[in-house]
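Written below as structure tokens is the structure these notes are about.
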Amino acid sequence: MSRIAPTFAALAASKKTALVTFITAGDPGPDMTVPLMHALVAGGADILELGVPFSDPMAEGPVIQRACERALKFNVGIKDVFGFVREFRKTNQSTPVVLMGYANPIERIGSDAFIARAKEAGADGAIVVDYPPEECEQFASAMRASDLDLIFLLAPTSTPERIAQVAKFGSGFSYYVSLKGVTGAGNIDVADVARRLAPIREHVKLPIGVGFGIRDGDTAKAVAQVADAVVIGSRIIQEIEAAPNGQAVEAVQRFVAGIRSALDSEEA
């Protein structure tokens with residue numbers, strides 16, 4: 001079993017919503033990745049999503065695209081990402097880490113090698129944006145055999161057939177994309193999210209995290225009323241971009257702590 005299910009179980013027992021945070025590995029520089037991961041945890045993140053830099057991140061808006069570009073200038077690739085996780089695990093054995101990215105880097109090293117190296121590094125699962133669940137039975141089974149979770153995206157446009165496939169092959173949690181479009185775009189409609197999650201929950205029994213469009217504590221609190229996890233990515237990257245030189249770690253921890261405080265005040 002990965003660390004993800006026990007984390008959600010412990011949070012549910014405490015009546016808390018999970019805070020899932022995203023950064024791109026290697027952004028703003030390779031030496032910053034592990035300190036930022038620790039800062040996210042110190043701020044109150046429960047699960048970390050670590051983005052694998054990719055040249056064509058089709059689901060990402062301009063903010064995360066820029067993060068990928070900065071990381072790629074340092075030639076940060078999937079093997080470096082495994083190294084970041086390995087370094088993080090030297091002092092943190094409890095926080096789940098999910099690798100998030102695209103099929104191409106996995107296909108390049110081979111799915112078996114990816115699974116073996118992710119497991120050895122200490123990762124807990126993966127989100128592969130362009131791996132459709134209809135074509136992932138073998139990969140999902142191999143991931144589960146290594147106690148790694150394969151997490152799928154669902155969207156407002158997901159069909160009942162796609163939802164059923166995610167329910168069949170997904171594990172860990174399901175990630176509901178609240179907006180039609182790319183990351184960091186638009187404002188979330190919580191009432192619409194609640195309406196669309198209801199039929200999803202009839203099939204998907206995993207915890208559901210909601211992301212895309214969550215930018216502040218008020219929105220996070222509202223989403224927490226209908227979701228098991230709040231997922232924030234682009235807004236954290238913006239904190240990294242806006243921070244004065246040498247202050248990105250402190251800025252990220254401060255921002256995440258504000259979101260965590262807003263979630264906890266709602267749930268108190």
Q) Is Cys68 close to Glu60 at the side-chain level, that is, under 4.5 Å between some pair of heavy atoms? A)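 Answer no - side chains too far apart.
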Q: For the residue pair Phe152 and Leu150, establish whether any side-chain heavy-atom pair is separated by less than 4.5 Å.
A: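 Result yes, sub-4.5 Å side-chain heavy-atom pair found.
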(Q) Test of understanding: with side chain to side chain donor-acceptor pair (under 3.5 Å), list the residues that count as partners of Glu107, not counting sequence neighbours. (A)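 Here the qualifying residues are Tyr131.
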Cut-off 3.5 Å, no hydrogens considered: what does the side-chain donor-acceptor table look like for residues 42-50, sequence neighbours left out?
{"residue": "Asp46", "atom": "OD2", "partner": "Leu19", "partner atom": "N", "Å": "2.8"}
{"residue": "Asp46", "atom": "OD2", "partner": "Arg260", "partner atom": "NH1", "Å": "2.7"}

Atom [atom1] in [X], atom [atom2] in [Y]: separation rounded to 0.5 Å?
| X | Y | atom1 | atom2 | value |
| --- | --- | --- | --- | --- |
| Glu120 | Ile115 | CD | CD1 | 14.5 Å |
| Ser55 | Gln65 | OG | CD | 11.0 Å |
| Arg86 | Asp80 | CZ | CG | 10.5 Å |

**Q.** Distance-only side-chain donor-acceptor flag, Ser2 / Asp124, under 3.5 Å
**A.**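 Short answer, no.
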Q. Does a side chain donor of either Thr219 or Asp216 reach within less than 3.5 Å of an acceptor in the other side chain?
A.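 Yes, side-chain donor-acceptor contact under 3.5 Å.
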Identify whether the distance between the nearest side-chain nitrogen and carboxylate oxygen of [X] and [Y] falls below 4.0 Å.
| X | Y | answer |
| --- | --- | --- |
| Glu69 | Arg66 | no |
| Arg162 | Glu134 | yes |
| Glu239 | Arg254 | no |

Q) For Arg108, does the CZ atom have more than 12 heavy-atom neighbours from other residues, nucleotides or ligands under 6.0 Å away? A)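 Open.
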Q. Is it the case that more than 12 heavy atoms not belonging to Gln138 sit under 6.0 Å from its CD atom?
A.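 No, the 6.0 Å shell around CD holds no more than 12 heavy atoms from other groups.
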**Q.** Residues Ile106, Val52; criterion side-chain contact (heavy atoms from CB on, under 4.5 Å); working and verdict
**A.** CA-CA 10 Å; Ile106 296 174; Val52 179; over 6 Å; no
Q.
Assigning hydrophobic clusters by single linkage (Ile, Leu, Val, Met, Phe, Trp, Tyr; side-chain heavy-atom cutoff under 4.5 Å), is Val97 placed with Leu11?
A.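 Hydrophobic grouping puts Val97 apart from Leu11.
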Q. Backbone N or O of Gly209 within a donor-acceptor pair of the Asp228 side chain at under 3.5 Å?
A.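 No.
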